[in-house]
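Treat the numbers as computed from the prediction; the structure is a model and nothing was measured. Labels below follow one simple rule: chain letters A, B, ... track the order of the sequence lines, proteins then strands, and each chain is numbered from 1.
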Amino acid sequence: MAAAALKRTLEALCSALAATALFGIMWLTLVDVGGRKLVSASVPGSLELTELLMVLVIFAGLPLVSLRGEHVVFDSLDPLLERRVRRAQGFVVDLLCAAALAGVAWLMWVKAGQMTEYGDTTAQLKIPQGPFVYLMSLLCAVTALVHLLLVFAPTTHHHPGVT
Amino acid sequence: MTEALIGFGAIFLLALLRVPLAFAMGFVGFIGLGLMRGWPATAAGAAQVIYETGFAYTLSVVPLFILMGNFVARAGLAQELFRAAYTFVGHVRGGLAHATVLACAGFGAICGSSIATAATMSKVAYPSMKKLGYADYLSTGVIAAGGTLGIMIPPSTILVIYGIVTETHIGKLFAAGVLPGLLCAAMMMGAVVFITWRDPAAGPAGERSSWRERAIAVRGIWGVALLVLLVLGGIYGGVFTATEGAGIGASGAFFFALARRALTPRVVFEILIESARTTAMLFTILIGAMMFASFVNFTTMPGDLKDWILHLGLPPLAIVGAMMLIYVVLGTIMEELSMVLLTIPVFFPIVVQLGFDPVWFGVLIVLVVQIGLISPPVGMNLFVLNALLKGVPLAQIFRGVWLFVAALIVALVVVLECPPLALWLPGFMK
């Protein structure tokens, strides 16, 4: 029960974050390009803002992809395997994914620390980049958590792919 | 050389164990590079790749084109495209199937995804074909095949990713896809003609429409036609970058759907989430593939293979032909995007060394991906149709698609033999 509630909360939070960021990129590009072509006035730092928003779209989208089991997998062997074998397989794969994502979260945490220390900012608007890299790390950690949750409550949904 | 081969082997093994391909590629790339180059440098390199892929302005072209396609799909445009195409070709034998190909081509000009195109058209075209008594093998075959026009006719997710990974101009790649896309559509219509000639009962003719009806049907799609002209014309004409064009396209599609009262706040939210998820999925694969590529590039494999192949003294076209053969065979069982991203670090340097244009090679890559998407046993478009059309057994879908696979293979050979088909249009761009 607790796992299901946690899943729902994470899904709602990440959905709101990713959707807002993507909508933001769309409007930002429209206003920026429209302004530049029509009245020769662009949005200052629009490039950087797009970059920061892209981070949110990708990394807040990641837990959602994992939650729904939409990562691209080679599943042609599935019909050949027994249910019990498949459950065990899912268990191992989710643990592996969780470990990999935890590793990435740690790498990005270290990177964020360095960037904060060096005081890295965006070129034009001087927005500190460190917090965004911390957020990347945090969202990777959330995705690792999602895979751990899936170990206990596997998903059955599968997405066909990306092309 | 050996290290890289072990790496490829490890990825296939992990994939067979059902590890998501993105993770398999990233994992193997990380471990491989770590063993060869030392862990601290590898860790810093991996963090840098992930950071740079996240903070990349040009990559925002990906979610924006996805968003554009999703908005237009929700606006119910596919129905009208299909209807308009039908008024022109409905009266010939297999007319609905021809209309499906044309509508897919039109939809492909807004949507950069083969799966989305096939899924959207299945809801529109299949019921009409069923009603007129079309054989399931023909209707599913033509929808699956037509869907692949989504990635050849610009915009195209595959071309964008190829452009990013190989640093090839995305606008030129888009321009290069136009004529081969039309060629593919023509080939598919040829396959429909052949099928309905052998088995006339599979695709009976419909009624002829009057010019008045045609004019009315065309009026329903002019808005989107304008949007396509604005976006692609702007990119080709150098008015926008691909990224800016994608932003304009997504906004235009949003207003278009809004004007047709297809959007509520809830629907907008759903479309945004769906697009964000597809983006995240793509980027995970992209990051995994880049980590694997940096490992492969550290090994001697790309160099060794290049030397070996150039040493053979084969005609350059035969070498590219052999690569295409490998892709077509691999594509029957592998997920296509991962297949392309895995092999690019090895194949691309050879192609460039042989003096071929990367833009032309990009179009060939899309063609093999198209073929892979509809060739059994593991063609994603076929599975999508199988999931959406509950009444049609997979065996029927498999049966109907072979002729379309053959049609696309002919198109592949034509583009291989005749590079100007891809390179003529981009030649006009600065």
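Considering all non-hydrogen atoms of both residues, B:Ala43 and A:Leu107 come closest at CB-CD2, 3.5 Å. Minimum heavy-atom separation, B:Pro20 to A:Cys97: CD-SG, 3.7 Å. Pairing each heavy atom of A:Met54 with each of B:Pro63, the nearest pair is SD-CG, 3.7 Å. Between B:Leu272 and A:Leu22, the closest heavy-atom pair is O-CD2, 3.6 Å. Closest heavy-atom contact between A:Lys111 and B:Ala47: CD-CB, 3.8 Å.
At a 4.5 Å heavy-atom cutoff, the contact between A:Met26 and chain B is made by backbone and side-chain atoms alike. Heavy-atom distances place no part of B:Ile66 under 4.5 Å from chain A, backbone and side chain included. Proximity to chain A is absent for every atom of B:Ile271, based on heavy atoms less than 4.5 angstrom apart. Residue B:Tyr57 touches chain A through both its backbone and its side chain, counting heavy-atom pairs closer than 4.5 Å. If you measure heavy-atom distances from A:Val104 to chain B, the contacts under 4.5 Å come from the side chain alone. The contact between B:Phe255 and chain A is made entirely by side chain atoms (from C-beta outward), counting heavy-atom distances below 4.5 Å. Only the side chain of A:Val93 comes within contact range of chain B, judged by heavy atoms closer than 4.5 Å. Heavy atoms closer than 4.5 Å to chain B are found nowhere in A:Trp106, neither backbone nor side chain. For a residue to count as touching a neighbouring chain, one of its non-hydrogen atoms must lie under 4.5 Å from one of that chain's; by this rule A:Val33 touches chain B with the side chain only. If you measure heavy-atom distances from A:Arg36 to chain B, the contacts under 4.5 Å come from the side chain alone.
Atom-to-atom distance recorded for B:Thr284:OG1 and A:Leu62:CG is 5.0 Å, nearest 0.5 angstrom. Residue A:Ser15 holds its OG atom at 8.0 Å from CZ of B:Arg277, rounded to the nearest 0.5 Å. Atom CG of B:Leu67 sits about 9.5 Å away from atom CD1 of A:Ile25, to the nearest 0.5 Å. How far CG of B:Leu21 is from NE2 of A:His71: 11.5 Å, rounded to the nearest 0.5 Å.
The residue among B:Leu17, B:Thr243, B:Thr279, B:Val62 with the most heavy atom pairs within less than 4.5 Å of chain A is B:Leu17. Among B:Thr53, B:Leu64, B:Leu14, B:Ile161, the residue with the largest count of heavy-atom pairs under 4.5 Å with chain A is B:Leu64. Highest contact tally toward chain B, considering only A:Asp32, A:Thr29, A:Leu28, is held by A:Thr29 [criterion: heavy-atom pairs under 4.5 Å]. Of the listed residues (B:Phe27, B:Phe240, B:Tyr51, B:Phe269), the greatest number of heavy-atom pairs within a distance under 4.5 Å of chain A belongs to B:Tyr51. In terms of non-hydrogen atom pairs under 4.5 Å with chain A, the most contact-rich of B:Ser60, B:Ser251, B:Ala22 is B:Ser251.
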For a side-chain contact (heavy atoms from CB on, under 4.5 Å) check, start with the C-alpha distance between A:Val133 and B:Phe55, then their side-chain angles and the critical distance, and finish with the verdict.
CA-CA 10 Å; A:Val133 183; B:Phe55 283 84; 4.0 Å; yes
Please lay out, stage by stage, how A:Val72 and B:Leu337 fare under the test side-chain contact (heavy atoms from CB on, under 4.5 Å).
CA-CA 10 Å; A:Val72 175; B:Leu337 179 65; over 6 Å; no
Checking A:Phe23 against B:Val268 for the side-chain contact (heavy atoms from CB on, under 4.5 Å) test, could you report, in this order, the C-alpha distance in whole Å, the side-chain angles of both residues, the deciding distance, and whether it holds?
CA-CA 9 Å; A:Phe23 214 30; B:Val268 174; 4.0 Å; yes
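In this structure, A:Leu96 and B:Phe23 have side chains that are not in contact, with every pair of non-hydrogen atoms separated by 4.5 Å or more. Contact check for A:Val73 versus B:Val19: no side-chain heavy atoms found under the 4.5 Å cut-off.
Judged purely by atom type and a 3.5 angstrom limit, A:Lys37 uses its side chain to pair as donor or acceptor with the backbone of B:Val239.
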